[in-house]
**Student:** 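Sharing a structure below in structure tokens format, with a few things to ask.
Convention: sequence-line order gives letters A, B, ...; per-chain numbering from 1.
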Amino acid sequence: MIKREFFERDAEVVARELLGKILMRNLNGKIMKAKIVETEAYYNEKDPASRACKNGDLKETMKMKGGNILVYGVHANWLMNIVTGNEGKAEAVLLRALEPLNFKAKTSGPGLLCKALGIDKGFHKKEIPNDELWLEDSKEKFEIIAGKRIGVKKDLSRNLRFYIKENKWVSRK
DNA sequence: AGGAAGATCTACT
DNA sequence: GTAGATCTTCCTA
């Protein structure tokens with residue numbers, strides 16, 4: 001089981017290391033397992049993307065200590081993030097795509113994976129790990145590709161999207 | 001109270 | 001490839 005302290009580091013580092021990890025979800029007594037195959041890093045300071053850099057609850061949540069779950073609602077979808085860095089840092093990592101291991105569902109997109117795992121606003125501001133959601137380590141080796149973030153209107157000139165090479169569940173090539 | 005924007009998805013061509 | 005639906009949150013009056 002991955003401890004909360006795992007997330008108390010730079011968002012980009014956490015985003016890279018999250019790839020290949022196994023996301024565990026206890027949904028009504030059934031354990032769902034899914035491998036993380038795509039992530040994006042978000043920085044509040046100087047990050048023009050999204051309303052997370054504006055005032056409000058999202059900004060406050062991103063400033064919390066690493067390991068808190070942040071659920072962002074947009075376009076009729078819930079997107080799941082995990083806050084990274086120490087308290088006051090305002091960073092987070094978005095989970096963009098998973099590979100289902102012991103169930104069948106579409107998880108090749110940030111909105112889809114939340115729907116598949118039953119993630120909604122109820123997880124907002126919860127710590128990970130918790131009773132219903134946690135992460136397990138993996139020894140698998142693979143190649144990581146870095147690229148520009150998807151769907152963002154004003155992106156930074158940095159590669160903050162990471163995904164596993166040649167994985168069919170990645171949301172976009 | 002109302003409006004607009006937004007890190008999306010689906011369906012159709 | 002593009003258009004349209006969809007809904008939460010934040011901003012303004």
**Student:** Pick base, sugar-phosphate or nothing for A/V152, based on heavy-atom distances below 4.0 Å to the nucleic acid.
**Tutor:** sugar-phosphate
**Student:** Testing the basics here: between A/K21 and A/L135, what is the closest heavy-atom pair and its distance to 0.1 Å?
**Tutor:** CB-CD2, 4.5 Å
**Student:** Please confirm whether the shortest side-chain N or O distance from A/K121 to OP1 or OP2 of C/dT9 is below 4.0 Å.
**Tutor:** yes
**Student:** Check this for me, if you would: do A/K63 and A/E87 make a salt bridge, where the nitrogen-to-carboxylate-oxygen distance has to be below 4.0 angstrom?
**Tutor:** no
**Student:** Using a 6.0 Å cut-off, check whether atom NZ of A/K3 has over 12 heavy atoms from anything other than its own residue.
**Tutor:** no
**Student:** A/P110 has a side chain; which of B/dT8, B/dG6, C/dC7 sits nearest to it?
**Tutor:** B/dT8
**Student:** Just wondering, more than 12 heavy atoms not from A/E5 lying within 6.0 Å of its CD?
**Tutor:** yes
**Student:** Take atom NE2 of A/H75 and atom P of C/dC7, then tell me their distance rounded to the nearest Å.
**Tutor:** 12 Å
**Student:** With sequence neighbours left out, what residues match A/R158 under salt bridge (Lys or Arg N to Asp or Glu O under 4.0 Å)?
**Tutor:** A/E12
**Student:** Looking only at N and O atoms, is any donor in the side chain of A/N81 or the base of B/dA7 less than 3.5 Å from an acceptor on the other one?
**Tutor:** yes
**Student:** What does the list of N/O pairs under 3.5 Å between the protein and nucleotides 10-13 of chain C look like, with a distance for each?
**Tutor:**
{"unit_1": "C/dC10", "atom_1": "OP1", "unit_2": "A/D57", "atom_2": "N", "d": "2.8"}

**Student:** Whole angstroms only, please: what is the CG-C1' distance between A/L156 and B/dA7?
**Tutor:** 12 Å
**Student:** Given Watson-Crick or G-U pairs with both distances under 3.5 Å, what dot-bracket string fits DNA chain C, with | for other-strand pairs and [ ] for crossing?
**Tutor:** |||||.||||||.
**Student:** With a 4.0 Å cut-off on N to O distance, would you call A/R96 and A/E40 a salt bridge?
**Tutor:** yes
**Student:** What's the shortest heavy-atom distance between A/R9 and A/T84, and which atoms?
**Tutor:** O-CB, 3.5 Å
**Student:** Give the minimum heavy-atom separation between A/W134 and A/P129, together with the two atoms involved.
**Tutor:** CB-CB, 3.5 Å
**Student:** Of all the nucleotides listed (C/dT6, B/dT8, B/dA7), which has the minimum atom distance to the side chain of A/A76?
**Tutor:** C/dT6
**Student:** Report yes if the ring of A/Y72 lies under 5.5 Å from the six-membered base ring of B/dA7 with planes under 30°, and no otherwise.
**Tutor:** no
**Student:** On a heavy-atom basis, which atom in A/K106 and which in A/A116 lie closest, and how many Å separate them?
**Tutor:** O-CB, 3.9 Å
**Student:** Counting side-chain heavy atoms from C-beta on, which of B/dC9, C/dT8, B/dG6 comes nearest to A/W78?
**Tutor:** C/dT8
**Student:** Ignoring backbone atoms, test whether A/R96 places a side-chain nitrogen or oxygen under 4.0 Å from the OP1 or OP2 oxygen of B/dT8.
**Tutor:** yes
